[in-house]
4 protein chains.
Amino acid sequence: MPKIVDHNLYRKELLEKCFDLFAQKGYASITMRQIAQGLGVSTGTLYHYFPNKKILFEHLVENMVQRDISIATADWEKLKTRQERAEALGKYFNSNLAYHIKNSYLMIDFSQHQDAKGYQNSEFWQRLCERYKSVIYDFIGIEDPVLADFIMCFVDGVILERLLGIDTVDVVEQCTLLGKMVTAYLDKN
Amino acid sequence: MPKIVDHNLYRKELLEKCFDLFAQKGYASITMRQIAQGLGVSTGTLYHYFPNKKILFEHLVENMVQRDISIATADWEKLKTRQERAEALGKYFNSNLAYHIKNSYLMIDFSQHQDAKGYQNSEFWQRLCERYKSVIYDFIGIEDPVLADFIMCFVDGVILERLLGIDTVDVVEQCTLLGKMVTAYLDKN
Amino acid sequence: MPKIVDHNLYRKELLEKCFDLFAQKGYASITMRQIAQGLGVSTGTLYHYFPNKKILFEHLVENMVQRDISIATADWEKLKTRQERAEALGKYFNSNLAYHIKNSYLMIDFSQHQDAKGYQNSEFWQRLCERYKSVIYDFIGIEDPVLADFIMCFVDGVILERLLGIDTVDVVEQCTLLGKMVTAYLDKN
Amino acid sequence: MPKIVDHNLYRKELLEKCFDLFAQKGYASITMRQIAQGLGVSTGTLYHYFPNKKILFEHLVENMVQRDISIATADWEKLKTRQERAEALGKYFNSNLAYHIKNSYLMIDFSQHQDAKGYQNSEFWQRLCERYKSVIYDFIGIEDPVLADFIMCFVDGVILERLLGIDTVDVVEQCTLLGKMVTAYLDKN
DNA sequence: AATGAATGAGCGTTCATTCAT
DNA sequence: TATGAATGAACGCTCATTCAT
């Protein structure tokens, strides 16, 4: 019997530790050697668990998104009005803002990389977006897809502003405004 | 006998031509050789005018931003209603969408540069953001700074979605919706 | 409790199964992992029986050659004329041509091994060649050693052409021609 | 003006020096670093002149074949009879036998390498074989393509035997016999 | 000023081999 | 005896940068 290791568990552990490494430097800039070193393993071991950089990143994102959504939606059930929920959304992003900024940067960085070409039509990516949008549908209680896109754009935009270093934008304040605007719009139509 | 050349003028010319090259492939992907080739000079010459890739890129961004704003606002004066203007905004981004996507990517890439950290508090960057917002103020006819930020976030978010490859988002449609939402919101309050 | 296994017998069994694996991909291309997998054992076990890839390969070649000659000569006894036998030779190589090509490649690969340099003067190698030639003597019914060498060269050459990818060479046709040429030559002298 | 170098000339010089390096270790075993070192340049320089290992090898072979054929056929014009020519062929291979053995090994080694997959149908390879065969046609004065293939197989086989370390095969003697056999065969038919 | 040949550290990845269990 | 996780040197190749001309 070899060294006793739960392959899948260890994979998950590595993935967990990977996130910050990727987030610190971006997909393209961090090297597999640096990741291995950061994880305290050899490159060989890293490749033993993940066949290549792209797939490592893919697993990372899957992990991240899964966790994100479950955290974000954890205690939204008790919130009744749209306005309450919009404000909870703002609070969610505002806590761990640095994390969400990193997160966004990673997605952007990867999407522009050679490795991502042809990726945007992939099942994986499509599924990601669907899951993302379904959170908006369910949570804000919206059925108009154009409006759902609107909210998605806005939310990503808010994070982006902070990523760009524009600190005057206040995430909570903006989401609060979002709630009001959506309500005003829906009431009128 | 050296060619008689105005060093600074030639620098500016090179910069101007550089823009498309960077915008086509992104900062990380384009190589100095490719840039030199695209400019019709040798790598040696390129390095004669710019000490390294990063500095070349920084100069480029400065140039780009300056030009961009003046183009965007060129013929908006004749549009009267908010809705008209919101829709013009959508059309502006929708034409040359690929350009605007790359443009955004370049800004993001730039903002993540180690050297850009200081930049974000710099006079240059601040001025840039102010100018950006004032376009929104003037153009959409909004005075509430939170609402101006909202619109800025949204617009950047729309571009970002496309950068991420989410093609279902329609820029014109989204801006049209923006106009309606802003109106509904302002009418109500 | 260790499995009760006759070490040498198991070695031989592994060797037998190894052959196809090497023959399919060639010495350089197949990895120890692939071999182990093909044998249904772990890499650890493979290394338990053979200290390294080279020695595994050497044992393999010894095994292969021994087996090959006995197969080739199995049912040639009933063929009477030289021409019949020459054509049988062609058919023999033509069936399992892919195998013979790989086989030749393995021999060539082996012969170029650093460790094989000593081998070429070794009793083993000498004996091998003698046995090879004696097949030609017996089978084609030739006693002139130069002519035997000629046939040996030709046969190996035909296989080599195919190894090099020259598909226009037809093994059966060539061996048929060989029969005619030998006959013409022997009749004349 | 950069360092003054005749690009094509230098390429040719590098190619010339490359041959022994490849021949010593085989295509797969020699590394680009070792080649560069052997040539006294950096890997970067090597890649400046040749885009990859495969193409480097391709140029090498082209060079080699061109030279080989012109040397081989240089003074065959004055030889009149087939027998004289066959014997000249033997002498040609016998002088520089070590070179021809290396040469054959290189071709075999390459043909089995991953890089060569799909290569055997390439224009380059086809042209090589055609040129090779046309030497046989012209020189030995043969028009029957099967017979030309026969001779090609035989010649390659002779070299192969020596490559395999079978020193009892005498190249000159074998080619002399070839001449006689071809004559006997053609006289009879 | 201008060229492009030259450099070499570093990339993602592979794989023979070792070793704790 | 048997396992497969772990290693790390080495591969083909890239590219920002330097420098002799």
Side-chain angles (χ1 to χ4, degrees), chain A residues 1-7 10-11 28-37 40-54 56 114-115, chain B residues 1-5 7 10 28-37 40-54 56, chain C residues 1-5 7 10 28-37 40-54 56, chain D residues 1-7 10-11 28-37 40-54 56 114-115:
Chain A
M1 257 172 287
K3 223 174 268 185
I4 291 160
V5 169
D6 181 329
H7 192 96
Y10 193 40
R11 248 175 91 110
S29 295
I30 197 156
T31 72
M32 289 299 266
R33 273 176 194 65
Q34 287 169 338
I35 293 170
Q37 197 170 47
V41 300
S42 66
T43 58
T45 297
L46 187 53
Y47 276 92
H48 183 66
Y49 288 97
F50 304 97
N52 57 53
K53 193 182 186 180
K54 182 179 165 185
L56 168 59
Q114 208 57 23
D115 284 2
Chain B
M1 239 182 306
K3 247 191 225 171
I4 292 156
V5 165
H7 190 93
Y10 194 40
S29 294
I30 198 159
T31 71
M32 289 298 266
R33 260 209 222 5
Q34 287 169 337
I35 294 170
Q37 197 170 48
V41 301
S42 64
T43 58
T45 299
L46 187 54
Y47 274 89
H48 185 70
Y49 286 97
F50 304 95
N52 57 49
K53 194 182 183 182
K54 193 190 295 189
L56 169 59
Chain C
M1 243 181 305
K3 246 191 230 173
I4 294 155
V5 166
H7 190 94
Y10 194 40
S29 294
I30 199 158
T31 72
M32 288 300 264
R33 257 207 224 3
Q34 287 168 335
I35 294 170
Q37 198 169 47
V41 301
S42 65
T43 57
T45 298
L46 188 55
Y47 274 90
H48 184 70
Y49 286 96
F50 303 96
N52 58 50
K53 194 183 185 182
K54 193 191 293 188
L56 168 61
Chain D
M1 256 175 286
K3 221 174 271 184
I4 290 160
V5 169
D6 180 328
H7 192 95
Y10 194 40
R11 249 175 91 110
S29 295
I30 197 157
T31 72
M32 289 300 267
R33 274 175 191 70
Q34 287 169 337
I35 294 170
Q37 195 170 46
V41 301
S42 65
T43 58
T45 298
L46 187 52
Y47 277 92
H48 183 67
Y49 288 97
F50 304 96
N52 57 51
K53 193 182 185 181
K54 182 177 164 184
L56 169 57
Q114 209 56 23
D115 285 2

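Here is the naming used below: chain letters follow the sequence lines, and residue numbers restart at 1 for every chain. Please read all numbers here as calculations on a predicted model, not as lab measurements. Excluded from the calculations below are hydrogen atoms, water molecules and symmetry mates; all remaining heavy atoms, backbone and side chain alike, are included.
Residues D/His7 and D/His48 have side chains in contact (heavy-atom distance under 4.5 Å, counting atoms from C-beta outward). Between A/Ile35 and A/Phe50 there is no side-chain heavy-atom pair separated by less than 4.5 Å.
Both D/Lys54 and C/Gly40 lie close to DNA chain F; mapped to their nearest nucleotides by heavy-atom distance, the more 5′-ward contact belongs to C/Gly40. Between B/Leu46 and C/Asn52, the residue anchored closer to the 5' end of DNA chain E is B/Leu46, taking for each the nucleotide with the nearest heavy atom.
Of the candidates F/dT1, E/dT18, E/dA5, the closest approach to any side-chain atom of D/His48 belongs to E/dA5.
If you measure from atom CZ of B/Phe50 to atom C1' of F/dT17, you get 16 Å, rounded to the nearest angstrom. If you take OH of C/Tyr49 and C1' of F/dT3, they are 13 Å apart, rounded to a whole angstrom. One interatomic measurement links the two molecules: CD1 of B/Ile35 to P of F/dC15, which rounds to 12 Å at whole-angstrom precision.
The shortest non-hydrogen separation linking A/Leu46 to A/Val41 is N-CG2, 4.2 Å. Contact detail for D/Arg33 and D/Thr43: the closest heavy-atom pair is CG-CG2, 3.8 Å.
Heavy-atom neighbours of A/Gln37 CD from other residues, nucleotides or ligands within 6.0 Å: at or below the threshold of 12.
At the phosphate of F/dT1, neither OP1 nor OP2 sits under 4.0 Å from any side-chain N or O atom of C/Tyr10. The side chain of A/Tyr47 places no N or O atom within less than 4.0 Å of a non-bridging phosphate oxygen (OP1 or OP2) of F/dA5.
Consecutive Watson-Crick or G-U pairing (both distances under 3.5 Å) extending over three or more pairs maps onto DNA chain F as E:2-21 with F:2-21.
To the nearest 0.5 Å, the span separating CG on C/Asn52 from CE on C/Met32 amounts to 7.0 Å.
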N/O-N/O pairs, protein side and nucleotides 8-11 of chain E side, under 3.5 Å:
residue, atom, partner, partner atom, Å
E/dG10, O6, D/Arg33, NH2, 3.2

